[in-house]
**Q** 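Please read through the structure below; I'll follow up with questions.
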There are 2 protein chains.
Amino acid sequence: MSLKYALLGFLNYADMTGYELKQHFDSSIQHFWNAKLSQIYPALSQMEKDGLLVMEVEYQEQRPNRKVYKITAAGRQELKRWVGTTMELQSVREAFLVQVFFMAQLDRESALGVMRHQLEQYRKRLENYHLFKKSFSEVVPAEVFKEDAVFWELTLDAGIKYGTAAVEWVEEAIEKIKGMERVKGGLEVSHDG
Amino acid sequence: MSLKYALLGFLNYADMTGYELKQHFDSSIQHFWNAKLSQIYPALSQMEKDGLLVMEVEYQEQRPNRKVYKITAAGRQELKRWVGTTMELQSVREAFLVQVFFMAQLDRESALGVMRHQLEQYRKRLENYHLFKKSFSEVVPAEVFKEDAVFWELTLDAGIKYGTAAVEWVEEAIEKIKGMERVKGGLEVSHDG
DNA sequence: GCATACATGTAAACCGTTACATGATTCA
DNA sequence: TGAATCATGTAACGGTTTACATGTATGC
């Protein structure tokens with residue numbers, strides 16, 4: 001459902017084609033929401049039918065015509081309504097935690113291998129957030145109002161907070177696994193030997 | 001995809017019906033993965049077709065027969081393989097951050113209202129994790145091997161880490177929003193007045 | 001010569017939620 | 001009397017991903 005509102009949100013800044021909207025996704029909110037073109041195009045035509053957008057064709061030769069979408073008054077209203085709506089907390093879905101939950105199946109070294117791999121990936125992601133944060137003031141276009149930039153930066157801060165939590169958690173988890181006594185293949189009891 | 005492995009994981013401890021599996025979801029991994037019965041039942045019969053499980057019917061009167069599923073050697077192998085597999089980092093999907101990203105649409109008080117509501121919900125969730133953590137040693141059945149309990153507790157620790165990060169982030173966000181100057185409806189410039 | 005940017009889509013598959021369907025027993 | 005527990009499912013719908021479909025211009 002957020003796809004629709006993300007599209008409205010971007011079109012509230014400027015008229016755009018689906019292709020350009022995809023670029024905005026990729027350069028800003030892709031850290032916490034993304035969409036493929038194959039989802040964006042049908043969503044836009046549906047939103048046009050619903051009166052949230054209007055579309056104008058720019059004719060081109062040697063490539064498909066550009067379909068430029070513009071937000072309507074109804075669209076602006078719907079965006080504003082949604083942004084101000086308090087929602088239920090969405091439930092967490094973390095496949096990696098399912099893996100950890102059943103990880104006693106593995107011997108200690110395999111478990112540590114999986115955890116270290118995850119740690120490396122969490123670190124890389126966090127590093128990217130930090131780099132993005134550093135370059136933030138240069139990246140943000142000057143014509144943008146300051147209040148927008150504040151909220152954009154808040155979403156980045158969220159990524160850094162969560163990312164830091166993830167890295168710390170795996171680091172501590174690795175230490176706890178190292179300290180375990182009865183892991184299969186460890187020093188003490190083995191259940192199938 | 002994790003549904004399949006969660007089912008294998010639980011059935012690796014004991015033979016069970018779909019109904020009982022659902023109860024295990026609800027009392028343990030529901031913090032990071034959940035499933036409805038309407039998804040569990042077809043998944044189980046598919047997994048039986050794939051040779052990961054075998055099913056035995058226990059006849060009952062006055063209610064549907066119990067279909068007790070048992071993991072096969074192939075199922076155990078598949079579980080073990082998956083638990084030891086390193087996976088790509090899954091991308092984050094946080095509708096709330098989409099909302100924050102476009103929140104400059106709101107006046108300061110409305111924005112603060114939405115953030116405070118979210119803060120309250122994050123706090124409640126974190127509180128639940130803490131309560132669960134305290135009662136953890138009592139809740140874990142005695143017959144369970146200690147190594148399983150260590151990994152189960154790690155997933156709880158993850159919840160507490162992320163939950164704490166979320167609470168801290170919103171608290172800081174609220175302070176930053178309070179400190180903003182050019183928010184619509186704030187003390188300074190208004191763009192449509 | 002190959003990848004990327006530009007520019008549009010459709011179709012099928014997959015995963016998950018909600019609604020529908022049935023019906024006895026037990027507890028408050 | 002009404003809700004929860006036990007116990008099974010199917011059908012429809014919605015959102016997302018992957019694969020298929022087309023084709024030029026530009027830069028490395």
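The analysis underlying the following values was restricted to heavy atoms, covering all of them including side chains, and did not include hydrogens, waters or symmetry mates.
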**Q** Report yes if some heavy atom in the side chain of A:K36 is under 4.5 Å from a heavy atom in the side chain of A:I40; otherwise report no.
**A**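 A:K36 vs A:I40: side chains apart.
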**Q** Parallel, tilted or perpendicular: which describes the rings of A:F102 and B:Y13, with under 30° parallel and over 60° perpendicular?
**A**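 Tilted.
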**Q** Run the side chain to side chain donor-acceptor pair (under 3.5 Å) test against B:E153 and tell me which residues pass, sequence neighbours left out.
**A**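 Result, side chain to side chain donor-acceptor pair (under 3.5 Å) vs B:E153: B:K133.
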**Q** List in chain and number order the residues that pass salt bridge (Lys or Arg N to Asp or Glu O under 4.0 Å) with B:K67, two or more places apart in sequence or in another chain; answer none if no residue qualifies.
**A**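 Testing B:K67 for salt bridge (Lys or Arg N to Asp or Glu O under 4.0 Å), a comparison that skips the adjacent residues, returns none.
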**Q** Using links of under 4.5 Å between side-chain heavy atoms of ILVMFWY residues, direct or through other members, which residues join B:Y19 in one cluster?
**A**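 Besides B:Y19, the hydrophobic cluster comprises B:L37, B:Y41, listed by chain and residue number.
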**Q** Under 4.0 Å from any atom of DNA chain D, heavy atoms only: list the residues of residues 8-30 of chain A that qualify, in numerical order.
**A**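 Correct list: empty, so none.
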**Q** Could you tell me, to 10°, how much the axis swings from one end of the helix from C:dG1-D:dC28 to C:dA28-D:dT1 to the other, five pairs per end?
**A**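 End-to-end axis angle: 50°.
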**Q** Going by number, which of residues 83-101 of chain A have a non-hydrogen atom under 4.0 Å from DNA chain D?
**A**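 Hits under 4.0 Å, by residue number: none.
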**Q** Knowing that exactly one of A:K80, A:Q77, A:M47 qualifies, which makes a side-chain contact (heavy atoms from CB on, under 4.5 Å) with A:L8?
**A**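 So the option named by the test is A:M47.
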**Q** Using a cut-off of strictly less than 4.0 Å between a heavy atom of the residue and any atom of DNA chain C, enumerate the qualifying residues of residues 37-71 of chain B by number.
**A**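 Nucleic-acid contacts, sorted: B:S38, B:Q39, B:Q62.
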**Q** Under the salt bridge (Lys or Arg N to Asp or Glu O under 4.0 Å) test, which residues partner A:R125, sequence neighbours left out?
**A**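 For A:R125, no residue satisfies salt bridge (Lys or Arg N to Asp or Glu O under 4.0 Å) once neighbours in sequence are set aside.
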**Q** Strictly by ring pair (Phe, Tyr, Trp, His ring centres under 6.0 Å), give each pair with a member in residues 57-97 of chain B just once, sequence neighbours left out.
**A**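 Listed by first then second residue: B:Y5-B:W82.
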**Q** So, using salt bridge (Lys or Arg N to Asp or Glu O under 4.0 Å) as the criterion, who are the partners of A:D50 when residues are at least two apart?
**A**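 None.
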**Q** When you check the side-chain N and O atoms of A:E20 and A:H24, is any donor under 3.5 Å from an acceptor?
**A**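 The answer is no; no qualifying pair exists.
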**Q** Which residues pass the salt bridge (Lys or Arg N to Asp or Glu O under 4.0 Å) test with B:K176, sequence neighbours left out?
**A**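 Residues passing salt bridge (Lys or Arg N to Asp or Glu O under 4.0 Å) with B:K176: A:D157.
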**Q** After noting the C-alpha distance and the side-chain angles of A:N12 and B:Q105, does the key distance pass the side-chain hydrogen bond (donor to acceptor under 3.5 Å, both in side chains) rule?
**A** CA-CA 10 Å; A:N12 190 39; B:Q105 298 311 308; 3.1 Å; yes
**Q** Provide the start and end nucleotides, 5' to 3', of the part of DNA chain D that has atoms under 4.0 Å from heavy atoms of chain A.
**A**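 Going 5' to 3' along DNA chain D, contacts run D:dG15 to D:dA25.
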**Q** Which label fits A:W152 and B:F101: parallel for a plane angle under 30°, tilted from 30 to 60°, or perpendicular past 60°?
**A**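 Ring orientation, 0 to 90° scale: parallel.
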**Q** Going through the distances and angles, do B:M115 and B:M103 end up as a side-chain contact (heavy atoms from CB on, under 4.5 Å)?
**A** CA-CA 10 Å; B:M115 299 301 282; B:M103 208 170 268; 4.0 Å; yes
**Q** Nearest 0.5 angstrom please: B:L154 CG to A:E172 CD, how far?
**A**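 That separation rounds to 10.0 Å.
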